[in-house]
Every structure is written in structure tokens, then in C-alpha cells.
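All ligand and atom numbering here is 1-based and tracks the order in the structure. Quick caveat: nothing in here was measured; it's all calculated off a predicted structure. Count residues from 1 along the sequence.
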Amino acid sequence: MAYPGKLISLQPFMYKVYLNKKISPRVVNGHPWIFNNEVEKIEGDVKGGEITEVFTHDKKFVGRGYINPKSQILVRLLTRNKTEEINEHFFQRKIQECWDYRKKLGYTENCRLVFGEADALPQLIIDKFNDYFVIQTLALGMDVWKPAIVKALQEIFTPKGIYERNDVPVRELEGLKQQKGFLSDPFDTKIIINENGLQFYVDVENGQKTGYFLDQQDNRRLIQHIVKGADVLGAFTYTGTFEIHAARYGAKSVLGLDISAQAVEQANAHAELNGVQQFCRFETANAFDVLKQWGKEGKHYDVVMLDPPAFTKSRETIQKAIAGYKEINLRGMNLIKPGGFLVTSSCTNLVSPELFLDIIDRAAKDTRRKIRQITFQTQSGDHPVIRGMDNTQYLKFLIVQVQ
Ligand code: SAH
């Protein structure tokens with residue numbers, strides 16, 4: 001494969017971006033994004049995807065990053081170190097650092113190896129599923145480095161396969177097309193991973209996002225004690241990872257619901273793969289309708305688990321998301337026997353942890369139930385949260401007892 005490194009390593013001297021006199025506190029405090037309206041002038045005939053240097057209005061070096069005039073976020077910084085050049089060695093070094101960090105925390109088999117901005121590699125996502133890697137390059141300036149990123153993965157891991165899941169609409173805002181496919185020799189794209197002693201298929205080609213939600217891998221263990229001997233209902237199960245854990249941890253019966261027939265098929269395959277199919281089954285259903293209906297019929301469960309999708313991707317429609325979270329949690333609580341448990345998640349950074357707790361409190365109030373908090377978590381440590389960088393903390397995971 002060809003490397004853009006040689007050309008791009010010359011470019012820091014070709015492009016210069018000068019910030020407005022008053023730099024936003026966000027940039028001063030280390031956030032890598034520089035918006036169009038924060039820039040006083042640009043030197044150089046920028047097309048997009050190139051490396052640029054960024055300076056204050058009085059010419060003090062701020063950092064080096066990639067630029068795209070088509071995007072509202074004009075520059076995303078890759079380094080604030082004046083002596084650090086952006087070339088293929090840079091990517092090799094950064095990805096090695098990401099791996100060392102995950103290993104240090106004990107994420108060796110499966111992990112989010114690179115979590116974009118939180119790893120100072122803006123808009124790059126790499127998930128590691130044992131010997132296989134799934135990558136997303138969501139901005140033009142990161143996309144041009146794909147060959148260097150693939151080379152780094154090959155050198156550090158000697159992987160069995162690398163797959164690109166760039167079939168993501170956000171790329172179009174960057175002038176990139178949506179695409180997916182092999183970045184290594186072809187391989188069987190349905191692979192098997194181990195998690196907490198269980199086995200799961202990861203369909204890296206056709207699964208949602210990168211194929212598997214690694215961000216809940218630690219939280220899945222937290223249901224261990226509350227599901228013992230319980231009748232468990234899971235909604236928005238995707239491929240049933242929480243439900244299979246519940247079955248293995250000793251639940252009496254487990255029913256999982258998802259609107260996607262493909263997810264349900266894989267969830268049932270997971271039940272068989274883990275030998276729990278006698279008491280763990282999955283059905284295709286719209287959780288909003290079914291939970292409402294079952295509430296009316298007076299059905300009850302010891303544990304209800306909810307892990308809905310984001311409901312919104314923009315601040316403008318945040319009210320819609322809040323209403324959705326409240327409704328589904330209210331319906332979930334209605335189905336819980338007194339003293340049972342609600343396991344509930346939210347995966348959008350647009351809903352803060354405080355707001356999420358508030359939504360759950362309001363749902364409890366409306367159902368006239370008292371709740372006792374057992375644990376409140378975020379995403380697993382391989383998806384680092386950078387303090388002060390709001391969009392790096394996105395997952396909320398709450399277990400409450402519903403009295
Ligand atoms: N708990 C899963 C991830 C869930 S992702 C895990 O840890 O792997 C959210 C899921 O909600 C998706 O699989 C999506 O298909 C499903 N979904 C979206 N809207 C739904 C609805 N109205 N009813 C049921 N499932 C829905």
C-alpha cells in the first residue's frame with residue numbers, strides 16, 4: 001500500500017491557521033477541535049485532509065493537526081508538541097501507546113484499542129476482537145492516514161484480519177463516502193470472542209456499528225448477583241449479551257427483545273453457543289409496544305434490563321430522547337415485582353449523568369415506586385473519559401432496586 005507520510009510530513013510548513021485573539025477556553029484546556037468561527041485567517045491553499053500548524057493570533061505555536069474546510073470543525077489537533085511531526089511513525093507510536101494503556105488496565109483480548117479524541121487520535125476508532133481489528137476513520141484528515149494505521153496494526157499485532165466499517169453517515173459531512181470492506185486479506189467475518197467466560201459471535205461485516213458493544217463489557221458482570229433465581233426481561237438486547245450473562249449467572253428464565261430480526265437470530269445463536277437455550281430465548285418486538293401491553297396485562301419480572309439506542313444524535317431533538325428514556329424506563333419499572341431490579345443504560349453523550357438520573361427519578365415518581373441505587377457506572381476503561389471533554393463520557397449504566 002502507498003503511504004501519504006512522505007508528502008504530508010512536509011506540509012506543516014505549507015499551511016498555517018491563526019486563531020482569533022480570544023481563544024476559546026476549550027482549546028486552551030486541551031480540546032482538539034477548532035471550529036471555523038474560532039479562526040482569524042488561514043495561510044495556504046487548503047483543499048482538505050492536509051496537516052496544518054495552528055498558532056495564536058500573535059504567532060505562538062498551538063499545535064499540529066488535520067484540516068478540512070468542508071467541515072464545521074476546521075482543524076482537529078493531533079499534537080501540541082512542536083517537535084512532533086505527523087507521519088507514519090507518529091501513528092505507529094500512538095497506536096502502541098493506546099495498546100500499552102489497554103494492557104495496563106487488563107484489556108488484552110477484546111478492547112476498544114483507539115477511542116478517537118480520548119486517545120488524542122480524533123475521529124479514529126479501532127476495536128480489537130482478539131486477533132481481528134475493525135477500524136473507522138470518520139474524518140477526511142484521519143482517513144488519508146488509513147494505510148499508515150493499517151501498517152501500524154500489522155507491525156504491532158500481526159493480526160488475522162482488519163476490516164473497515166466506514167459505513168457511517170457522519171463521514172458525508174466530511175465529504176467522504178460511506179464504505180466497508182477488508183483492509184487485509186479476506187477472512188470469515190463472523191468471528192467468536194470470549195467475554196467473562198462466555199462466547200459471542202461478532203459479525204464485523206454486518207453487525208451494528210463495529211459489530212459488538214465493547215463499552216458494556218465490565219457492566220455486564222455487575223448483574224451477577226441480582227439475576228440469581230430471577231425471571232429476567234431484557235429489552236433492546238441486540239445480540240443478547242446481557243441476557244446470556246444473566247442465564248449463566250443463574251437466572252430462572254430469560255427473555256430478550258429486539259426490533260432487529262437479525263440481532264434476535266444472533267442472540268438465539270448465542271444462547272445455543274453458550275448452552276443456555278433451554279431457559280433463555282429471544283424474540284423480535286418493538287419494546288415500546290410490548291412493555292406497554294404487558295404492563296396492562298399485569299405481567300411481572302424480578303429483573304428488567306434496558307439498553308436502548310441513542311434516540312437522538314443532535315441537541316435540537318434532545319427533548320425527544322428525554323421523553324423516550326422516560327417512557328421506556330417507566331414502562332420497565334411497571335413490570336418489576338416489588339423488591340426487584342431495574343438495569344438501565346443510556347448511550348448518548350447528549351444526556352448527562354445528572355440528567356439521566358433525573359429522568360429515572362421522574363419515571364419512578366410517575367409509577368409511584370421508590371428506588372434504591374445499587375451502582376451507577378459509565379463505559380468500560382478501554383473507552384477513556386477525558387475530564388472536561390464532554391463527548392468522551394457517553395454511557396450511563398444504572399442498577400436500582402425498585403420497591
Ligand atoms: N445491550 C446491547 C446493545 C443494545 S443496542 C449490548 O450490550 O450488546 C440497542 C438495540 O436496540 C439495537 O439492537 C436496536 O436494534 C434495538 N432497538 C432499537 N429500537 C428498538 C425498539 N423500539 N424495540 C426494541 N429494540 C429496539
Under 4.0 Å from one or more heavy atoms of Gln208, ligand 1 contributes atoms 12 (C), 13 (O), 14 (C), 15 (O)

Answer yes or no on whether Arg220 is positioned over the face of Phe242, meaning its NZ or CZ is under 6.0 Å from the six-membered ring centre and within 45° of the axis.
yes

Nearest heavy atom to atom 21 (C) of ligand 1, choosing from Phe213, Phe236, Phe200, belongs to Phe236

The protein heavy atom nearest to atom 25 (N) of ligand 1 is Ile259 N, 3.1 Å

Query raised in the report: Would you say the side chains of Asp231 and Ser253 form a donor-acceptor pair under 3.5 Å?
Result: yes

Logged contact type for Tyr212 with ligand 1, heavy-atom cut-off 4.0 Å, is neither

- Item | Heavy-atom gap Pro309 to ligand 1 smaller than 4.0 Å | yes

### Query
Has Arg220 got any heavy atom lying under 4.0 angstrom from an atom of ligand 1?
yes

Going by the 4.0 angstrom heavy-atom rule, the piece of Thr239 near ligand 1 is neither

Exercise. Could you verify whether a donor N or O on one side chain and an acceptor N or O on the other, from Lys396 and Ser346, lie under 3.5 Å apart?
Key: yes

At under 4.0 Å between heavy atoms, what of Thr241 touches ligand 1? The answer is side chain

* To do: Before signing off on this row, confirm whether Asn286 and ligand 1 have an N or O atom pair separated by under 3.5 Å.
  => yes

- Distance-only polar pair, side chains of Thr83 and Asn81, donor-acceptor under 3.5 Å: yes

Of all protein heavy atoms, the one nearest atom 9 (C) of ligand 1 is Asp307 O, 3.4 Å

- prompt: For the ring pair Phe157 and Trp99, is the centre-to-centre distance below 6.0 Å?
  reply: yes

If you scan protein heavy atoms around atom 10 (C) of ligand 1, the nearest is Asp258 OD2, 3.4 Å

* Have Gln123 and Glu117 got a donor and an acceptor in their side chains that come within less than 3.5 Å? -> yes

Fill in: Salt-bridge contact Arg362-Asp358 (side-chain N to carboxylate O under 4.0 Å)
yes

The single option from Arg93, Arg64, Lys94 that satisfies salt bridge (charged side-chain N to carboxylate O under 4.0 Å, His left out) with Glu84 is Arg93

One finds that the ligand 1 atoms under 4.0 Å from a non-hydrogen atom of Thr237 are 1 (N), 2 (C)

Query raised in the report: Can any side-chain N or O of Arg331 pair as donor or acceptor with the backbone N or O of Leu291 at less than 3.5 Å?
Result: no

In ligand 1, the atoms that come under 4.0 Å of a heavy atom of Phe242 are 1 (N), 7 (O)

For Phe288, the atoms of ligand 1 under 4.0 Å from one of its heavy atoms are 22 (N)

Of Tyr132, Phe133, Phe182, the one forming a ring pair (Phe, Tyr, Trp, His ring centres under 6.0 Å) with Tyr163 is Phe182

Residue, atom and distance of the protein heavy atom nearest atom 23 (N) of ligand 1 read Ala287 N, 2.8 Å

**Asked** Does ligand 1 have any atom sitting under 4.0 Å from a heavy atom of Ala285?
**Response** yes

